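Note that this is a predicted model, so its numbers are computed, not measured.
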Amino acid sequence: MSLQKYQTELIEHGMSVGALKFGTFTLKSGRQSPYFFNAGLLASGPVLDALCSAYASTIASSLKAASDGSPGLPKFDILFGPAYKGIPFAACTALLLHRDHGIDVGYAYDRKEAKDHGEGGVMVGADVKGKKVLVLDDVATAGTAIRGAIDVVRKAGGEVVGAVLMLDRQEVGREGKGMIEEVETLVGGKGRVPTILKMKDLMSWLEQNGKTEELKSMQEYWEQYGVKS
Ligand code: OMP
C-alpha cells in the first residue's frame with residue numbers, strides 16, 4: 001500500500017514529538033496495544049499545520065467524492081471538536097478549509113463542565129442548533145469517545161452528518177462489527193467517517209522503514225482485534 005505524502009508527514013511528525021509510540025500500552029477499552037498515538041502531543045505550529053492540513057484535505061476529498069456520486073460526506077455547516085484535544089484541531093481545520101479549499105464552515109466545541117452563569121450551557125462557538133454538523137476527533141478504537149461527541153451535538157440540537165478521524169485503529173467496535181461501520185450507521189451510512197490514517201498505513205510505514213519487530217507486534221495485535229473485511 002503506498003502512502004500519501006501528507007500521511008507520511010503526519011506519521012513522521014508524530015514519531016518526532018513522541019506522540020506516536022511503539023511498545024506496550026493499555027487502552028481505554030482494556031486492550032493491550034503495541035502502539036499508541038497521543039494526539040495531545042501534536043502541539044507546535046509545524047505539527048498542527050501537518051495535522052490540520054491533512055484533516056482539511058481528507059474532508060475536502062470526501063465532499064468531492066460525494067458530489068461525484070460516490071460514498072462521502074454531505075455538505076455541512078459546522079465542524080465540532082470535542083473538549084479538550086478536539087478544540088484547536090477543529091479551529092485550525094476550519095481555518096484551513098477556508099484558506100486552502102474555499103470551504104466556509106463554522107466551528108464549535110464543548111466544555112467538560114457546564115457553566116451555570118453567564119452564557120451557560122456546555123457549547124461554545126457557532127450555534128449547532130438545527131445545523132448540519134461534522135464531528136472531528138483524533139483516535140477511535142472501540143468507538144466510545146466518538147459516540148460521546150455525537151451525543152453532545154445531538155443534545156444541543158445539531159444534526160450529525162458525519163465524523164472525521166485522525167486515526168482509525170481498524171478495530172472491532174462495541175457491537176462486534178467494525179468500529180467505522182458502526183459509527184457510519186449512526187451518522188447516515190457508508191463514506192460518512194473518512195480518516196487521515198488507518199492502522200494498516202502505520203504498518204506500511206513500519207515495513208517501508210525496516211522496523212520488523214514493531215511490525216510483527218502490530219500483526220499479532222491485528223489478528224486479535226483487527227476488523228477482517
Ligand atoms: P475509544 O473510545 O475506545 O474509541 O478510544 C478512543 C480514545 O482512546 C481516544 O479518544 C483516546 O482518549 C484514547 N486513545 C488514544 O488517544 N490513542 C490510541 O492510540 C488509543 C487510545 C485508546 O485508549 O484506545
(request) Kindly say whether I196 contributes a backbone atom to a donor-acceptor pair with the side chain of Q7 at under 3.5 angstrom? (result) yes
(message) If you count every heavy atom of other residues, nucleotides or ligands that lies below 6.0 Å from E207 atom CD, does the total exceed 12?
(response) no
(request) Tell me whether F25 is reachable from L206 by hopping between hydrophobic residues (I, L, V, M, F, W, Y) whose side-chain heavy atoms are closer than 4.5 Å. (result) yes
(request) Inspect the contact between K132 and D77 and indicate whether a charged nitrogen and a carboxylate oxygen are less than 4.0 angstrom apart. (result) no
(request) Check whether any side-chain heavy atom of V124 lies under 4.5 Å from a side-chain heavy atom of R111, and answer yes or no. (result) yes
(message) Is there a path of hydrophobic side-chain contacts, each under 4.5 Å between heavy atoms, that joins M15 and L42?
(response) yes
(message) I need the minimum non-hydrogen distance between I150 and V135, along with the two atoms involved.
(response) CG1-CG2, 4.3 Å
(message) To the closest 0.5 Å, what do you measure between OG1 (T141) and CD (Q170)?
(response) 11.5 Å
(request) Decide yes or no on side-chain contact (heavy atoms from CB on, under 4.5 Å) for L51 and M166, but give the supporting numbers first. (result) CA-CA 8 Å; L51 173 64; M166 175 188 78; 3.7 Å; yes
(message) Using side-chain contact (heavy atoms from CB on, under 4.5 Å), reason through V128 and M123 one step at a time and then give a plain yes or no.
(response) CA-CA 9 Å; V128 299; M123 298 295 281; 3.8 Å; yes
(request) Output the distance between atom OG1 (T8) and atom NE2 (H13), rounded to the nearest 0.5 Å. (result) 11.0 Å
(request) Would you confirm whether R192, through its side chain, and V187, through its main-chain N or O, come within 3.5 Å as a donor-acceptor pair? (result) yes
(message) Is the shortest side-chain heavy-atom distance between V17 and V47 below 4.5 Å?
(response) yes
(request) Check whether any side-chain heavy atom of F80 lies under 4.5 Å from a side-chain heavy atom of V160, and answer yes or no. (result) no
(message) According to a hydrophobic-cluster definition based on side-chain heavy atoms being under 4.5 Å apart (Ile, Leu, Val, Met, Phe, Trp, Tyr only), do M203 and F22 belong together?
(response) yes
(request) Mark yes or no for whether S70, through its side chain, and A66, through its backbone, hold a donor-acceptor pair below 3.5 Å. (result) no
(request) Output yes when D68 and K64 qualify as a salt bridge under the 4.0 Å nitrogen-oxygen rule, no when they do not. (result) yes
(request) Taking the six-membered ring of Y35 (Phe, Tyr or Trp), confirm whether the NZ or CZ of R169 is under 6.0 Å from its centre and within 45° of its axis. (result) yes
(request) Without swapping roles, check the side chain of T195 against the backbone of L165 for a donor-acceptor pair under 3.5 Å. (result) no
(message) Strictly below 4.0 Å, N to O, side chains only: are E181 and K190 in salt-bridge contact?
(response) no
(message) Using every non-hydrogen atom in the two residues, find where I59 and F76 come nearest and quote the distance to one decimal.
(response) CG2-CE2, 3.8 Å
(request) Flag the pair L202 / L20 as yes when at least one side-chain heavy-atom distance between them is below 4.5 Å, and no otherwise. (result) yes
(request) Drop me the distance from M218's CE to E213's CD, to the nearest 0.5 angstrom. (result) 13.5 Å
(request) May I ask whether V164 and L96 are part of the same hydrophobic cluster, defined by side-chain heavy atoms of I, L, V, M, F, W, Y residues being less than 4.5 angstrom apart, directly or through others? (result) no
(request) Give the minimum heavy-atom separation between P74 and L63, together with the two atoms involved. (result) O-CD2, 3.3 Å
(message) Quick one: does any side-chain atom of E12 pair with a main-chain N or O of E9 as donor and acceptor, under 3.5 Å?
(response) no
(request) Answer yes or no: is there a donor N or O on one side and an acceptor on the other, between the side chain of E182 and the main chain of R174, under 3.5 Å? (result) yes
(request) Kindly compute the distance separating NZ (K21) from CD (E214), expressed to the nearest 0.5 Å. (result) 14.0 Å
(request) Could you tell me which non-hydrogen atom of G40 sits nearest to which non-hydrogen atom of A43, and how far apart they are? (result) O-CB, 3.9 Å
(message) Using every non-hydrogen atom in the two residues, find where A142 and R31 come nearest and quote the distance to one decimal.
(response) CB-NH2, 4.2 Å
(message) More than 12 heavy atoms of other residues, nucleotides or ligands under 6.0 Å from CD of E223: yes or no?
(response) yes
(message) Working to the nearest 0.5 angstrom, can you tell me the gap between C52 SG and L97 CG?
(response) 9.5 Å
(request) Examine K200 relative to W205 and say whether NZ or CZ is less than 6.0 Å from the centre of the six-membered ring and inside a 45° cone about the ring axis. (result) no
(message) Under 3.5 Å, is there a donor on one side chain and an acceptor on the other for E171 and Y221?
(response) yes
(message) Restricting to non-hydrogen atoms, name the atom on A90 and the atom on Y107 that form the minimum distance, rounded to 0.1 Å.
(response) O-CB, 4.2 Å
(request) For the pair F36 and L27, evaluate side-chain contact (heavy atoms from CB on, under 4.5 Å) and give the outcome as yes or no after the intermediate values. (result) CA-CA 8 Å; F36 194 88; L27 305 183; 3.6 Å; yes
(message) Any side-chain to backbone donor/acceptor pair from S53 onto D49? Under 3.5 Å, distance only.
(response) yes
(message) Taking I78 as the starting point, is it possible to reach V193 by hopping between hydrophobic residues whose side chains are less than 4.5 Å apart?
(response) yes
(message) To the nearest 0.5 Å, what is the distance between OG on S204 and CE on M199?
(response) 11.0 Å
(request) Taking the side chain as every heavy atom from C-beta outward, state whether T93 and H98 have any pair of such atoms under 4.5 Å apart. (result) no
(message) Test your reading of the model: is there a side-chain donor-acceptor pair from E159 to the backbone of V133, 3.5 Å cut-off?
(response) no
(request) Could you please spell out the steps behind the side-chain contact (heavy atoms from CB on, under 4.5 Å) verdict for L73 and V161? (result) CA-CA 7 Å; L73 290 173; V161 297; 5.8 Å; no
(message) With a 4.5 Å cut-off on side-chain heavy atoms, are L186 and R147 touching?
(response) yes
(request) Verify, without hydrogens or angle tests, whether Y55 (side chain) and D137 (backbone) share a donor-acceptor contact under 3.5 angstrom. (result) yes
(request) Could you tell me whether a side-chain N or O of D138 sits under 3.5 Å from a main-chain N or O of A39, the two making a donor and an acceptor? (result) no
